[in-house]
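Values below: all heavy atoms of this structure, side chains included; hydrogens, waters and symmetry mates excluded.
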Amino acid sequence: MYRREALKGVALLPLIAHSVLSKSTFSNSRVRNEIIKPPRLKTGDTIGIIAPSSGVSEATFEKGLAHLADLGFKTKIGRYARERNGFLAGSDQERLRDLHWAFQDSEVNGVWCMRGGYGASRILPQIDFGLIKRNPKVFIGYSDITALHLAIFKKTGLVTFHGPVGASDFTDYTRTHALNTVMKVSSPYKIDLPAPPEGADPALYKTIVINGGKCRGRLIGGNLSLIAALNGTAFGLRDVKGKILFLEDVSEAPYRVDRMLTQMLQSVDMRLISGIALGVFTRTEDKDDSPSQSMIDVFRDRLGGLGVPVIYGLSFGHIRDQFTLPIGVEAELDTLKSTLTLLEAAVI
């Protein structure tokens with residue numbers, strides 16, 4: 001058996017070499033998958049609405065539908081998207097069926113998650129990744145949706161979008177960057193920072209350079225808690241070589257962020273990374289009198305010694321003004337200018 005497999009590999013070497021030279025690829029364990037970009041969305045397209053994690057109230061759901069209508073899209077709602085099952089939106093099987101439906105339905109042009117919350121990681125082993133790969137579509141959401149982004153990209157190579165959920169506040173900044181990323185094929189596309197929201201702590205939204213520099217690489221990342229929770233599973237973050245890692249989180253004390261970053265440092269070879277973009281870690285400081293490092297001190301301690309560019313405070317995560325990050329797309333991070341530039345279009 002081993003000899004036959006070896007001979008088969010030798011026979012395929014010319015084809016593999018040609019693929020590596022002519023196509024954009026990434027490594028996933030022993031499999032090498034082509035990067036797949038979904039068709040761009042257009043005004044009037046139909047968006048499939050699903051809730052693969054937690055559910056929302058009826059009022060919030062209707063608000064989310066209104067947001068997408070304001071963006072110029074029609075909507076088609078998953079059968080179980082309105083369900084509430086404790087901290088989940090429907091059972092695992094119901095949420096899984098809606099995910100499969102959204103990618104399989106020929107009338108649906110893109111898939112938008114109504115909310116994050118919790119629960120996406122529960123359905124990962126049952127996902128039909130072949131179905132998703134055969135029907136590439138724009139897939140967008142953030143927070144708990146990180147589990148689906150990492151799993152889909154790892155198993156299929158499909159570019160997905162870490163961006164606002166349907167229930168998000170669609171400020172002009174959020175709206176502009178979401179639409180530009182999923183509807184336009186022009187590049188490069190530079191993402192500048194917005195002004196701090198009125199009444200917010202300016203220090204929270206101030207960019208802080210941990211390590212200065214400029215770097216390029218494919219974007220990978222999402223919510224830090226979800227990335228840490230997936231470590232050791234078949235869907236965890238492993239291949240970071242040459243990539244720009246982006247991380248965000250909310251309501252996590254500095255010591256918990258330290259713990260999660262330490263776990264990453266001990267399970268992933270972070271020395272191979274190209275650079276790190278940190279979002280705005282909102283509501284993070286300890287509320288009691290126990291001794292604590294600041295969040296920035298944690299980032300300096302855990303990430304400052306990697307020898308790669310690291311910047312805190314880019315506009316993504318659990319905040320009002322957020323830009324949309326396409327996972328798998330080549331980008332440039334410039335800490336001097338506090339900018340992230342997409343060097344290629346995320347859609348075709």
Heavy-atom check, side chain of Val159 versus side chain of Pro38, under 4.5 Å: yes
Non-neighbouring partners of His149 that pass ring-ring contact (aromatic ring centres under 6.0 Å, His included), sequence neighbours left out: Phe139
Side-chain hydrophobic cluster, 4.5 Å single linkage: members besides Leu343: none
Working for side-chain contact (heavy atoms from CB on, under 4.5 Å), residues Leu148 and Thr160: CA-CA 9 Å; Leu148 292 170; Thr160 62; over 6 Å; no
Exam field: side chain Asp98 to backbone Ala51, donor-acceptor pair closer than 3.5 Å: no
Atom of Leu219, atom of Leu342 and distance for their closest heavy-atom approach: CD1-CD2, 3.8 Å
Ser143 side chain to His318 side chain, donor-acceptor N/O pair below 3.5 angstrom: yes
Donor-acceptor pair, side chain of Asn211 and main chain of Val308, under 3.5 angstrom: yes
Side-chain (Arg95) to main-chain (Gly119) donor-acceptor, under 3.5 angstrom: yes
Where Ile296 and Ile210 come nearest, the two heavy atoms and their spacing: CG2-CD1, 4.2 Å
Salt-bridge contact Lys63-Asp169 (side-chain N to carboxylate O under 4.0 Å): yes
Verdict with supporting geometry, Arg115 and Ser168, side-chain contact (heavy atoms from CB on, under 4.5 Å): CA-CA 8 Å; Arg115 184 195 168 186; Ser168 293; over 6 Å; no
Ser315 side chain near Ile319 side chain, heavy-atom distance below 4.5 Å: yes
Greater than 12 external heavy atoms within 6.0 Å of Arg271's CZ: no
Under 3.5 Å donor-acceptor, Arg216 side chain and Lys243 backbone: no
Parallel, tilted or perpendicular: ring planes of Phe281 versus Phe299, cut at 30 and 60 degrees: perpendicular
Least distance between heavy atoms, Val56 atom then Met114 atom: CG2-CG, 3.9 Å
Lys137 (side chain) donor-acceptor with Ala102 (main chain) under 3.5 angstrom: yes
Name each donor-acceptor pair under 3.5 Å that joins a side chain in residues 178-188 to protein atoms two or more places apart or in another chain, with its distance.
| residue | atom | partner | partner atom | Å |
| --- | --- | --- | --- | --- |
| Asn180 | OD1 | Lys184 | NZ | 3.3 |
| Asn180 | ND2 | Thr176 | O | 3.3 |
| Asn180 | ND2 | Tyr189 | OH | 2.9 |
| Thr181 | OG1 | His177 | O | 2.6 |

side-chain contact (heavy atoms from CB on, under 4.5 Å) evaluation trace for Ile77 with Leu65: CA-CA 9 Å; Ile77 302 169; Leu65 294 180; 3.8 Å; yes
Whether over 12 other heavy atoms sit under 6.0 Å from Asp70 CG: yes
Heavy-atom check, side chain of Pro136 versus side chain of Ile36, under 4.5 Å: yes
Short side-chain to backbone donor-acceptor contact, Arg134 and Gly130, under 3.5 Å: yes
Test: Lys76 and Glu107 ion pair at under 4.0 Å: yes
Side-chain heavy-atom pair Trp112, Ile50 within 4.5 angstrom cut-off: no
Interatomic spacing from NZ in Lys241 to CG in Asp269 - rounded to 0.5 Å: 10.0 Å
Where Lys133 and Thr156 come nearest, the two heavy atoms and their spacing: CE-O, 3.7 Å
ILVMFWY network linking Leu226 to Phe153, side-chain heavy atoms under 4.5 angstrom: no
Thr262 side chain to Arg302 side chain, donor-acceptor N/O pair below 3.5 angstrom: yes
Leu261 and Leu224: CA distance, side-chain angles, deciding distance, side-chain contact (heavy atoms from CB on, under 4.5 Å) verdict: CA-CA 8 Å; Leu261 291 176; Leu224 176 59; 4.1 Å; yes
Spacing of Asp334 atom CG and Thr339 atom OG1 [to the nearest 0.5 Å]: 4.5 Å
Gln104 atom CD, neighbour heavy-atom count above 12 within 6.0 Å: no
Positive for ring pair (Phe, Tyr, Trp, His ring centres under 6.0 Å) with Phe246, one of Tyr142, Tyr312, Phe316: Phe316
Atom pair CD1/CD1 of Ile273 and Ile244 - distance to nearest 0.5 Å: 9.0 Å
Heavy-atom pair of closest approach, residues Ser338 and Leu193: O-CG, 3.7 Å
Flag side-chain contact, heavy atom, 4.5 Å: Ser53 against Leu88: no
Interatomic spacing from CD in Gln322 to CG in Leu325 - rounded to 0.5 Å: 9.0 Å
Connected via hydrophobic side-chain network under 4.5 Å: Val165 and Phe161: no
Min side-chain heavy-atom separation His162-Thr146 under 4.5 Å: yes
Polar side-chain atom of Lys155 near backbone of Phe129 as donor-acceptor pair, under 3.5 Å: no
Basic-acidic side-chain contact under 4.0 Å: Arg82, Glu62: yes
NZ/NE/NH1/NH2 to OD/OE distance under 4.0 Å, Asp297 and Arg300: yes
Option passing side chain to side chain contact (heavy atoms under 4.5 Å, CB included) with Leu314 (candidates Leu278, Leu333, Val280, Ile191): Leu333
Pairwise side-chain hydrogen bond (donor to acceptor under 3.5 Å, both in side chains) hits with a residue in residues 116-131, at least two apart: Asp92-Arg122
Straight-line distance of Ile152 CD1 to Leu158 CG, nearest 0.5 Å: 6.5 Å
Any side-chain heavy-atom pair of Leu245 and Met264 under 4.5 Å: yes
Test item: Ser54 side-chain N/O and Phe87 main-chain N/O as donor-acceptor pair under 3.5 Å: yes
Pairwise side-chain hydrogen bond (donor to acceptor under 3.5 Å, both in side chains) hits with a residue in residues 222-233, at least two apart: Asn223-Glu248, Asn223-Asp249, Ser225-Asp249, Ser225-Glu252, Asn231-Ser267
Arg97 and Tyr80, any side-chain heavy atoms less than 4.5 Å apart: yes
Distance-minimising heavy-atom pair for Gly212 and Thr335: CA-OG1, 3.3 Å
Set of residues satisfying salt bridge (Lys or Arg N to Asp or Glu O under 4.0 Å) with respect to Lys37, sequence neighbours excluded: Glu344
Distance, nearest 0.5 Å, that separates CG of Leu68 from OG1 of Thr46: 11.5 Å
Greater than 12 external heavy atoms within 6.0 Å of Arg84's CZ: yes
Any donor-acceptor N/O pair, Asn135 side chain to Leu131 backbone, under 3.5 Å: yes
